[in-house]
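Accompanying notes for the structure given below.
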Amino acid sequence: MKYELVYIVSPEATDAQVAELHTQVEQISQRLAGTIEKTDNWGRRKLAYEIGPHKEGTYVLATIDGSGELMKEIDRRLKVSDLIIRHLVVRVDEEQTVIERLRNRRTETTRRRRVARGLPPDRQPGEGQRGDVDDDRDDRFDLNEGLER
């Protein structure tokens, strides 16, 4: 299962402390048979609202492939860390599965309707109405027209 972990580190934390927190997350992941696919340090940003005395913090996003037990352990560890202001874990593979299922269903419905009308199941090049997604250019809306004076 794929998860996204976002955590906000206290603004008083040094870069070395932020790196140490990330190392701890990596070690927990390795110990519980998970992998960190990607990590983005967004840097220091202003918080949307004050959290305690903090008005800003260092944001870190990690994409983790692992089990629910792994995420429970990471959640537990981040809750007790004094440097973490907030954190959030979200499962993202479920959303991708739903999106893929809907896309496949829509494609199959379109193919079935085209065959019922006597057309080939897939769109042919140049087929469709003007302004469809397949068109590279739509002359009706030339944004540069009329700007020269």
Side-chain angles (χ1 to χ4, degrees), residues 1-10 13 15 18-51 54 56-81 83-149:
M1 291 179 261
K2 190 176 288 189
Y3 296 90
E4 283 185 349
L5 166 67
V6 178
Y7 55 95
I8 307 171
V9 184
S10 171
D15 288 342
V18 173
E20 174 62 29
L21 280 169
H22 179 66
T23 304
Q24 289 176 11
V25 170
E26 280 181 332
Q27 289 172 348
I28 295 168
S29 296
Q30 290 172 354
R31 193 167 33 109
L32 295 175
T35 57
I36 295 182
E37 294 180 2
K38 181 177 80 170
T39 301
D40 287 332
N41 186 333
W42 293 346
R44 196 171 180 153
R45 296 175 179 246
K46 185 178 179 202
L47 300 174
Y49 55 89
E50 287 186 31
I51 301 174
H54 306 292
E56 55 184 33
T58 303
Y59 284 72
V60 180
L61 168 72
T63 305
I64 302 173
D65 197 8
S67 66
E69 290 300 317
L70 166 64
M71 298 319 293
K72 284 181 187 176
E73 179 63 17
I74 289 175
D75 183 55
R76 187 185 71 77
R77 290 284 186 91
L78 294 178
K79 279 182 183 175
V80 297
S81 174
L83 292 176
I84 302 293
I85 298 173
R86 286 280 195 274
H87 71 281
L88 177 67
V89 177
V90 179
R91 183 174 167 190
V92 293
D93 64 342
E94 193 170 301
E95 293 172 1
Q96 292 169 345
T97 304
V98 169
I99 290 169
E100 191 64 34
R101 191 178 324 127
L102 289 174
R103 184 178 296 135
N104 290 340
R105 188 179 306 152
R106 189 170 43 242
T107 302
E108 288 304 316
T109 301
T110 302
R111 285 181 174 167
R112 205 172 39 251
R113 287 179 180 168
R114 289 179 60 84
V115 169
R117 286 186 267 158
L119 299 170
D122 295 316
R123 249 187 175 173
Q124 304 302 308
E127 181 182 344
Q129 295 179 350
R130 185 163 186 75
D132 279 351
V133 179
D134 293 343
D135 283 349
D136 289 338
R137 179 164 163 73
D138 188 352
D139 295 328
R140 292 179 294 172
F141 302 104
D142 190 357
L143 299 176
N144 295 323
E145 186 177 305
L147 293 179
E148 299 171 9
R149 294 180 190 198

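Keep in mind that the numbers below use all heavy atoms, side chains included, and drop hydrogens, waters and symmetry copies. For clarity, every value in this text was computed on a predicted model and none was experimentally measured.
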Legend entry - Heavy-atom closest pair, residues Glu56 and Arg44: OE2-NE, 2.6 Å

Inset, instruction - For residues Val25 and Ile64, determine if any side-chain heavy atom of one lies less than 4.5 Å from a side-chain heavy atom of the other. - result: yes

Legend entry - Contact summary for Lys38 and Asp40, nearest pair of heavy atoms: CE-OD2, 3.8 Å

Legend entry - Separation of Glu26 CD from Gln24 CD (nearest 0.5 Å): 11.0 Å

Inset, instruction - Starting at CG of Leu5, measure out to NE2 of His22 and round the result to the nearest 0.5 Å. - result: 10.0 Å

Legend entry - Minimum heavy-atom distance between Ile85 and Ser10, given as atom pair plus value: CD1-CA, 3.6 Å

Legend entry - Note, Leu47 side chain near Arg86 side chain (heavy atom, < 4.5 Å): no

Legend entry - Test side chain to side chain contact (heavy atoms under 4.5 Å, CB included) applied to Lys2 and Glu37, step by step: CA-CA 9 Å; Lys2 190 176 288 189; Glu37 294 180 2; 3.3 Å; yes

Inset, instruction - Measure across Asp65 and Met1 and return the closest heavy-atom pair with its distance rounded to 0.1 Å. - result: OD1-O, 2.8 Å

Legend entry - Separation between CZ of Arg31 and CD of Gln27, rounded to the nearest 0.5 Å: 8.5 Å

Legend entry - Student check: side-chain heavy atoms of Arg105 and Arg101 closer than 4.5 Å: yes

Inset, instruction - Considering non-hydrogen atoms only, spot the tightest contact between Leu70 and Ser29 and give its length. - result: CD1-CA, 3.5 Å

Legend entry - Interatomic distance, Thr58 atom OG1 to Ile8 atom CD1 [nearest 0.5 angstrom]: 9.5 Å

Inset, instruction - Output, in order, the C-alpha distance, side-chain angles, deciding distance and verdict of side chain to side chain contact (heavy atoms under 4.5 Å, CB included) for Leu21 and Val60. - result: CA-CA 10 Å; Leu21 280 169; Val60 180; over 6 Å; no

Inset, instruction - Locate the shortest heavy-atom distance separating Leu32 from Glu73; write the atom from each residue and the value. - result: CD1-CB, 3.8 Å

Inset, instruction - Report yes if the side chains of Lys79 and Arg76 come closer than 4.5 Å at any heavy-atom pair, otherwise no. - result: no

Inset, instruction - Could you point out which residue of Thr109, Val115, Thr107 forms a side-chain contact (heavy atoms from CB on, under 4.5 Å) with Arg111? - result: Thr107

Legend entry - Straight-line distance of Ile36 CD1 to Ile28 CD1, nearest 0.5 Å: 9.0 Å

Inset, instruction - For the pair Gln124 (side chain) and Asp122 (backbone), establish whether a donor and an acceptor sit closer than 3.5 Å, ignoring hydrogens and angles. - result: yes

Inset, instruction - For residues Ile74 and Arg77, determine if any side-chain heavy atom of one lies less than 4.5 Å from a side-chain heavy atom of the other. - result: no

Legend entry - Heavy atoms of other groups near Arg113 CZ, more than 12 under 6.0 Å: no

